[in-house]
Amino acid sequence: MARYDFRATEAKWRARWEEAGKFAVAEDPGRPKYYVLEMFPYPSGRIHIGHVRNYTLGDLLARYKKAKGFNVLHPMGWDAFGLPAENAAFERRVHPAEWTYANIETMREQLRGMGLSYDWSRELATCAPDYYRHEQKMFLDFLREGLAYRKESWVNWDPVENTVLANEQVIDGRGWRSGAPVEKRLLSQWFLRTTAYREELLEATAGLDRWPERVRTMQHNWIGRSEGARILFEIGGREERLEVFTTRHDTLFGASFCAIAANHPLAAALAEDDPALAEFIAECNRSGTGEAEIETAEKKGHDTGLKALHPFVEGLELPVYVANFVLMEYGTGAIFGCPAHDQRDLDFARSHGLAVLPVVLPPGADAASFEIGDEAYVGPGTVYNSDFLDGMAVEEAKAAMADRLEAALAGRRETAWRLRDWGVSRQRYWGCPIPVIHCPDCGVVPVPEADLPIALPDDVDFEAAGNPLDRHPTWKHVACPDCGAAARRETDTFDTFFESSWYFARFCDPRGETAFSRESADYWLPVDQYIGGIEHAVLHLLYSRFFMRALRKCGYLGIDEPFAGLMTQGMVCHETYRDDTGWLFPDQVRRADGGGYVRADNGAPVEVGRVEKMSKSKRNVIDPENIIRTYGADTARLFMLSDSPPERDLEWTESGVEGAWRYLNRLWSRIAEPERPLPPAGTPRPAELSPAAQALERAVHKTVKAVGESVERWRYNSAVARVRELSNALAAAGGDGPGEGWAARFGYETLVRLLEPMTPHIAEEMWGALGHEGFLCDVPWPDYDPALAADETVTLGVQVNGKRRGEIEVARDSSEDSVRDMALDLDPVRKILAGREPRRVVVVPNRIVNVVA
RNA sequence: GCGGGCGUGGUGGAACCGGUAGACACGCCGGACUUAGGAUCCGGUGGCGCAAGCCGUGGGGGUUCGAAUCCCUUCGCCCGCACCA
């Protein structure tokens, strides 16, 4: 049997595609465009299996759409700024740029080995000044439009590394690298005004109908709109009023205290004369924000001695606490506590001896006997103990209370949002410099556009902790662009999510002098199909959505939504193996003779654990390069597609990969060395076809229909199954009757065309082996004849009372009467009816017959 | 706690609108060829039963001529968010 030489063949076709520029595209107003994008990778060193899945899925779609006649943009680039490069610099003394570009080289070669249909002429790396200069300009535009600003804010501070950490870099309240407890610090930071579009972002999520429901929900919750009221409490003996946000103003008559956040300005003012309070605030700032700590943290408070006056109860004074469970970042940073109807307030009230007065009576409860125990009542009910609200339902009471607050000038209706502005300052070297200058006289001065890009200096020192830009001897010393005085360059860099918020637009016009031309953006955007991991469900996707609106305001483009379709792929999983030495890599074990696994080196028994996401810690990882070296890219791609639908997790199995490998080899040998030679390419369909040839012809049309539908519905695994089904039919065929040779050729040719988006190299090679010149990737997707894609005869199941009792074969679209008669004539049906007339016979044309006895 | 999702053979999964449950694979069993097989080819494979047949989509109930699919309820698992007032 002719062995398929994947090494030579795959390399050959990649070279040919590249030489012929098969996947380079340009705007073409005459053709419908389709923009397929996979989330670009961070160049961490090597491609991992998740990338392989991501790009295989994207490539299938890109090649399919190209074959369907679309002008397909399918680019690839590198999300190249980020912390790992700085860690490498610190640990191995390599410059971040050198490390990053070396990784890009490696990974690009790995990607090339997969045969992906990228327009490599559009490749970009975000760490290149030619890329980030444009976002420096965007930032200046944002500044001008009021979409960027600087303010003091509380941040995570690592006291050992002397730097701000992102929330993601704080693990259980400690710096991820130093292990030091993270503190909260008030620092001046740059922000992008994401909140300017919060309403629009929230409302537009509903329109993202080609996004997964759960991603839309996550964004919805992240933006987090709550309708409520702001209430202004007079404070005894002070001028200012305490402003509180609540969504439960219906429970105001149940209030027994007020509480403010440790970072509330009022707390800071009071702490100046109260050392105990100052110590309490410091303690709050030290305590972690990690989930586990919040879960276990006690509700603590410090009584300020102030009294807030209840707006509607004469003489009722509410003690004001500084409390550790009140967040400065949400609402007004102050609350009123109604212990009966809020669990946190109840916990706090119980430990501080405060009153618990129920004001909402659950349906059916008795006002005289209803009491609050350890659980607050948060459900619906009738308001009581509440003066003018008595007898109202909760929603009604909220409205009435809001009216009274507004009338009394003691408050107003208000909507609170969970979404905060995006803090983009990072005290890092390997990021895009923020293009502003701090002048002692003029304040913050934007860098003049003519001076862009502000490039990173190369000669930096990573020996000490902290930001190398800040330590650089000369870089930050500049003259003020306005007054010429000695000034200081901003040494913070952007959060790396800045780069990924617009790279898809840069791909439209990656070599231009501007970020991208309006024409190219108008032609290509939005991305028609974006594919990537669920881990970006909020941050990256939300930032990008904000960016489109901000760029629209600055005149860069005219769209709101960057990604019309989003597909979040599942993870790649693998069995885990361990013995008494710990976790084992898959290549450290082998199948034992009697089933199970043993160690490859000494035959010692191995415990097989559950199938889990591939991770370094569990060692259940497969290196894609090994797979591609052993089986070739087509095999890896085919297996990636065949075992699970794209959005679901995929279990990587050696036997599955081997199955894919055997299939391709089997198919190759049938095409390269057919048992019966096929008629030459271009042989017309004979007028006469044997029944077998007709059946095969129909099977081909059916397959084309089914594969197309499966691809459109993200059922790539089913598409592969239909292809294999046709392969089985072709292998079983092979008679000498009229037209059977033609039908076999028709079958194999169509099969190869359907395989092209899945396994492009071997498909091209088979196309050649079938006697065709030229590129298969230029051949359009096959059409099918609807008449031939439907069976001529159909087999109908015959049920009696919904239970299957037999089947009948009838011509398609047979009359209901004839079908009914045939069904009633079946032996099992007659047996059950025993001469009685059926009560009813349901005939669903071409589907089923159900006899109701 | 709130929100989203998922439960189908030994395994991954298929079944678009309610219409013959288990496509296609993996695995396993049997056979052929072979010096050999972890190659290839052929056959079998949801469970119980000798069979006729019965039972089967996490459990219970409902709607329907007919339910994996719709509704109610319950159990289990996964994911996201969360002192959000």
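Note on naming: letters A, B, ... go to the chains in the order of the sequence lines (proteins, then strands), and numbering restarts at 1 for each one.
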field: Rounded distance (Å) that lies between atom P of C83(B) and atom CD of Glu329(A)
entry: 10 Å
field: Touch class at under 4.0 angstrom, heavy-atom based, for Ser718(A) against every strand present
entry: sugar-phosphate
message: For the aromatic rings, using the six-membered ring if either is Trp, is the centroid distance between Tyr631(A) and Phe639(A) under 6.0 Å?
response: no
- prompt: Mapping Leu796(A) and Asn801(A) onto RNA chain B by nearest heavy atom, which one lands closer to the 5' end?
  reply: Leu796(A)
- request: Classify the side-chain pair Thr576(A)/Asn620(A) by whether it contains a donor and acceptor separated by less than 3.5 Å.
  value: no
query: How would you label the contact of Gly659(A) with the nucleic acid (heavy atoms, under 4.0 Å): base, sugar-phosphate, or nothing?
result: sugar-phosphate
query: Within the pair Asn850(A) and U20(B), is there a side-chain N or O less than 4.0 Å away from OP1 or OP2?
result: no
task: With heavy atoms under 4.0 Å as the rule, sort Val723(A) into base, sugar-phosphate or nothing.
output: nothing
- request: Could you please name the option among G27(B), G4(B), G19(B) that lies closest to any side-chain atom of Ile848(A)?
  value: G19(B)
message: Walk me through whether Tyr716(A) and Trp714(A) qualify under ring-ring contact (aromatic ring centres under 6.0 Å, His included).
response: CA-CA 6 Å; Tyr716(A) 295 171; Trp714(A) 291 106; 5.4 Å; yes
- request: Would you kindly give the CH2-to-P distance between Trp714(A) and G13(B), to the nearest whole Å?
  value: 18 Å
- prompt: Among side-chain atoms of Thr793(A) and Glu809(A), is any donor-acceptor pair under 3.5 angstrom?
  reply: yes
message: What is the separation between atom CZ on Phe325(A) and atom P on C84(B), rounded to the nearest whole Å?
response: 10 Å
- request: Take the protein atom CD of Glu709(A) and the nucleotide atom P of A23(B), then report the distance between them rounded to whole Å.
  value: 20 Å
query: Between A82(B), C41(B), G80(B), which nucleotide gets closest to the side-chain atoms of Trp222(A)?
result: A82(B)
message: Between G13(B) and U64(B), how many Å separate the two P atoms, rounded to a whole number?
response: 35 Å
- prompt: Taking OP1 and OP2 of A15(B), is either one under 4.0 Å from a side-chain nitrogen or oxygen of Arg715(A)?
  reply: yes
message: Regarding Asn728(A), tell me which of base, sugar-phosphate or nothing describes its non-hydrogen contacts under 4.0 Å with the strands shown.
response: sugar-phosphate
Nucleotide nearest Asp643(A) when distance is taken to its side chain, options C24(B), G12(B), U20(B): G12(B)
task: Using a 90° cut-off around 0 for syn, call G13(B) syn or anti.
output: anti
message: So, does Ser669(A) get its side chain near the phosphate of U40(B), meaning an N or O under 4.0 Å from OP1 or OP2?
response: no
Thr795(A) vs Glu651(A), nearer the 5' end of RNA chain B by closest nucleotide: Glu651(A)
- prompt: Does the side chain of Asp643(A) pick up a donor-acceptor pair with the side chain of Asn717(A) at under 3.5 Å?
  reply: no
task: Determine the interatomic distance between P on A85(B) and the same-named atom on U8(B); round to the nearest Å.
output: 37 Å
message: From CD of Glu654(A) over to C1' of U11(B), roughly how many Å is that when rounded to an integer?
response: 16 Å
- request: Choose from C65(B), G19(B), A85(B) the nucleotide whose nearest atom is closest to any side-chain atom of Val852(A).
  value: C65(B)
Partner nucleotide, any strand, of C26(B) [Watson-Crick/G-U, under 3.5 Å]: G10(B)
message: It should be established whether Lys803(A) places a side-chain nitrogen or oxygen under 4.0 Å from OP1 or OP2 of nucleotide C55(B).
response: yes
Protein-nucleotide distance (Leu754(A), atom CG; C24(B), atom P), rounded to Å: 17 Å
task: Write down the distance separating the P atoms in C26(B) and U40(B), rounded off to the nearest Å.
output: 10 Å
message: Does G53(B) have its OP1 or OP2 closer than 4.0 Å to a side-chain nitrogen or oxygen of Arg804(A)?
response: no
message: Please determine whether a side-chain nitrogen or oxygen atom of Arg214(A) lies at a distance below 4.0 Å from atom OP1 or OP2 of G5(B).
response: no
- prompt: The side chain of Glu213(A) lies closest to which of these nucleotides: G19(B), C16(B), G5(B)?
  reply: G5(B)
message: Is there a side-chain contact between Arg839(A) and the phosphate of G66(B), meaning an N or O under 4.0 Å from OP1 or OP2?
response: no
query: Could you give the distance from CG (Asp342(A)) to OG1 (Thr251(A)), rounded to the nearest 0.5 Å?
result: 8.5 Å
- prompt: Touch check for Arg805(A), heavy atoms < 4.0 angstrom, all strands: base, sugar-phosphate only, or nothing?
  reply: sugar-phosphate
message: Rounding to an integer number of angstrom, what distance separates G4(B) and C54(B) when you compare their P atoms?
response: 42 Å
- request: Report the nucleotide, chosen from C17(B), A14(B), A23(B), that has the shortest atom-to-atom distance to any side-chain atom of Glu725(A).
  value: A23(B)
query: Expressed in whole Å, how much space separates the P atoms belonging to A14(B) and A23(B)?
result: 13 Å
Arg350(A) side chain near Val356(A) side chain, heavy-atom distance below 4.5 Å: yes
query: So, do Tyr321(A) and His352(A) have ring centers that fall under 6.0 Å from each other?
result: yes
field: Between G9(B) and U57(B) - C1' atom distance, rounded Å
entry: 10 Å
- prompt: Which part of the nucleic acid, if any, lies within reach of Ser655(A) when heavy atoms closer than 4.0 Å are counted: base, sugar-phosphate only, or nothing?
  reply: sugar-phosphate
- request: Establish, with yes or no, whether the OP1 or OP2 oxygen of C84(B) is under 4.0 angstrom from a side-chain nitrogen or oxygen of Arg420(A).
  value: no
query: From the list U11(B), U20(B), G13(B), which nucleotide is the closest neighbour of the side chain of Glu807(A)?
result: U20(B)
message: Without decimals, in angstroms, what is the distance between Tyr330(A) OH and A82(B) P?
response: 13 Å
message: Please report the distance separating the P of C70(B) from the corresponding atom of G80(B), rounded so that it comes out in whole Å.
response: 26 Å
query: Would you say the side chain of Arg662(A) and the base of A39(B) hold a donor-acceptor pair, judged only by whether the two atoms sit under 3.5 Å apart?
result: no
- request: Compare the minimum distances between each of A85(B), U40(B), G12(B) and the side chain of Leu327(A), then state the nucleotide with the smallest one.
  value: A85(B)
query: Starting at CG of Asn717(A) and ending at P of G13(B), how long is that distance when rounded to a whole Å?
result: 9 Å
- request: Please determine, for the side chain of Arg418(A), which listed nucleotide (G4(B), C41(B), A82(B)) has the closest atom?
  value: A82(B)
query: If you draw a 6.0 Å radius around CZ in Arg418(A), do more than 12 non-hydrogen atoms from other residues or ligands fall strictly inside?
result: yes
message: Starting the side chain at C-beta, find the nucleotide from C83(B), C17(B), C16(B) nearest to Asn324(A).
response: C83(B)
